[in-house]
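Below is one structure; the comments refer to it alone.
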Amino acid sequence: MRAYVSIWRLRFINGMQYRAAALAGMATQLFFGFVFIMIFAAFYRSGGGDSTAFPLQDLITYVWLQQIFLSLIMLWIRDNEIFAMVTSGNIAYELCRPMGLYPFWFSKLLAQRVAGAVLRCFPITTVVFLLPEPYGLSAPPSWTALLLFVVSLLLGLILVVAISMLIYISVFWTMSPTGSMLMISVAGEFLAGMVIPVPLMPEWLQRITYALPFRWTTDFPFRVYSGHIPQQEALIGIGVQVGWIAALAAFGMWLMRKALRNVVVQGG
């Protein structure tokens, strides 16, 4: 375990070096946050949104939380180094390490996302908290809601990495990082509520999102923050998150073992 903690720490320190990229990312995220909020505000003013199902202020908070924690929740964030190892044949060096490949990659991916979020989340949070109503980020309704949000967000991060691991493992068969990303990330982010918040989806589509793991990475923690999901329901949802993490991690480790038993090293 100490080895994986050291890997996480080294990767986190390495990720903290990219401050210029973080500044550019913050500007982009603020811009897109304003764009999405203006679109949804116009949608509500036209009578298209149901303010009783999902109030506009909760929706604005939802959008800003997406931008603040983008590095933690987006499935399209990827580690090209891992993809290159599989497709070029350098995976052979990884197999020589005296540690499990699944937890090794998991630690690296977790540190990469946390480093990106730390660099961006505090400045963006400060800016959006200072915006005038109703366009600013609202505070959670209680300290309990904030605590439940932090727990559910951290579990959502672990769940995102567990899903991402399936993308990397699939490259052992597809040999196409782009194809593997498209198969999971595009559908996954839509079903997580990154394009249309889950409460605004048709009921039949909401039932599908509740049956899949994706919404538990994004939609669930953000609605816990605003109090849109009651505390009792939030506690049940946290249990569901833990169940999905255990199931996907177990499946990922099994899939990794299966891939490594049949791996053919590519390259010269």
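Computed from a predicted model, the values in this text were never measured in an experiment.
For Phe149, the ring pair (Phe, Tyr, Trp, His ring centres under 6.0 Å) criterion is met by Phe69, Tyr225, not counting sequence neighbours. Scored by the ring pair (Phe, Tyr, Trp, His ring centres under 6.0 Å) test, Phe34 finds Trp64 as partners (sequence neighbours excluded).
Contact detail for Val198 and Leu191: the closest heavy-atom pair is CG2-O, 4.2 Å. Across Leu56 and Ala41, no two heavy atoms sit closer than the pair CD1-CA, 4.2 Å. In plain terms, the two heavy atoms of Ile169 and Gly252 that are nearest each other are CD1-O, 3.4 Å. Looking at every heavy atom in both residues, Ala162 comes nearest to Leu248 through CB-CB, 4.1 Å. Counting all heavy atoms, side chain and backbone alike, Arg215 lies closest to Pro221 at O-CD, 4.4 Å. Considering every non-hydrogen atom in both Pro55 and His228, the closest pair reads CD-CD2, 4.2 Å.
Separating the OG atom in Ser142 from the CD atom in Gln231 is a distance of 5.0 Å, to the nearest 0.5 Å. Rounding to the nearest 0.5 Å places CG of Leu137 at 5.0 Å from OG1 of Thr61. The CZ atom of Phe222 sits 13.5 Å away from atom CG of Asp58, with the distance rounded to the nearest 0.5 Å. The OH atom of Tyr168 lies 12.0 Å from the CZ atom of Phe106; values are rounded to the nearest 0.5 Å. Rounding to the nearest 0.5 Å gives a distance of 10.0 Å between CG of Leu75 and CG of Leu166. Between Met38 atom CE and Phe36 atom CZ the span is 10.5 Å, to the nearest 0.5 Å.
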Working for side chain to side chain contact (heavy atoms under 4.5 Å, CB included), residues Leu70 and Ile124: CA-CA 11 Å; Leu70 192 71; Ile124 296 177; over 6 Å; no
Worked verdict on Leu101 versus Leu260 for side chain to side chain contact (heavy atoms under 4.5 Å, CB included): CA-CA 10 Å; Leu101 191 57; Leu260 295 180; 4.0 Å; yes
Stepwise side chain to side chain contact (heavy atoms under 4.5 Å, CB included) test for Leu159 and Phe214: CA-CA 8 Å; Leu159 184 54; Phe214 303 107; over 6 Å; no
Full working for side chain to side chain contact (heavy atoms under 4.5 Å, CB included) between Leu157 and Leu110: CA-CA 8 Å; Leu157 167 62; Leu110 195 61; 3.7 Å; yes
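Put simply, Leu130 and Ile60 are part of two different groups of oily side chains (I, L, V, M, F, W, Y) that touch within less than 4.5 Å, one to the next. Hydrophobic clustering (side-chain heavy atoms under 4.5 Å, transitive across Ile, Leu, Val, Met, Phe, Trp, Tyr) groups Trp204 together with Ile196. No continuous path of hydrophobic side-chain contacts links Trp216 to Ile236 [ILVMFWY only; heavy atoms under 4.5 Å].
With a 6.0 Å radius and a threshold of 12 heavy atoms from other residues, nucleotides or ligands, Phe122 has its CZ atom at or below the threshold. The neighbour count for Phe104 CZ, taken as heavy atoms of other residues, nucleotides or ligands under 6.0 Å away, is above 12.
For the pair Val224 and Ile238, the minimum side-chain heavy-atom distance is 4.5 Å or more. In this structure, the side chains of Cys121 and Leu72 stay at 4.5 Å or more apart for every pair of heavy atoms. A heavy-atom distance below 4.5 Å is found between the side chains of Val128 and Ile68. The shortest side-chain heavy-atom distance between Ser164 and Arg113 falls under the 4.5 Å cut-off. Side-chain contact between Met253 and Pro103 is absent, with no heavy atoms from C-beta onward closer than 4.5 Å. Inter-residue side-chain proximity for Met256 and Phe172 is flagged as met; some heavy-atom pair is nearer than 4.5 Å. You'll find the side chain of Phe40 stays beyond 4.5 Å of the side chain of Phe54, heavy atoms only.
Annotation: cation-pi geometry not satisfied between Arg223 and Tyr62 (NZ/CZ under 6.0 angstrom from ring centroid, within 45° of ring axis).
With hydrogens and angles ignored, the 3.5 Å screen pairs no side-chain donor or acceptor of Thr217 with any backbone N or O of Pro213. The main-chain N or O of Leu155 is never found under 3.5 Å from a side-chain atom of Gln241 such that the two would form a donor-acceptor pair. Panel note: side chain Gln66, backbone Gly193; a donor-acceptor pair is recorded below 3.5 Å. No donor-acceptor pair under 3.5 Å is formed between the side chain of Glu189 and the backbone N or O of Met194.
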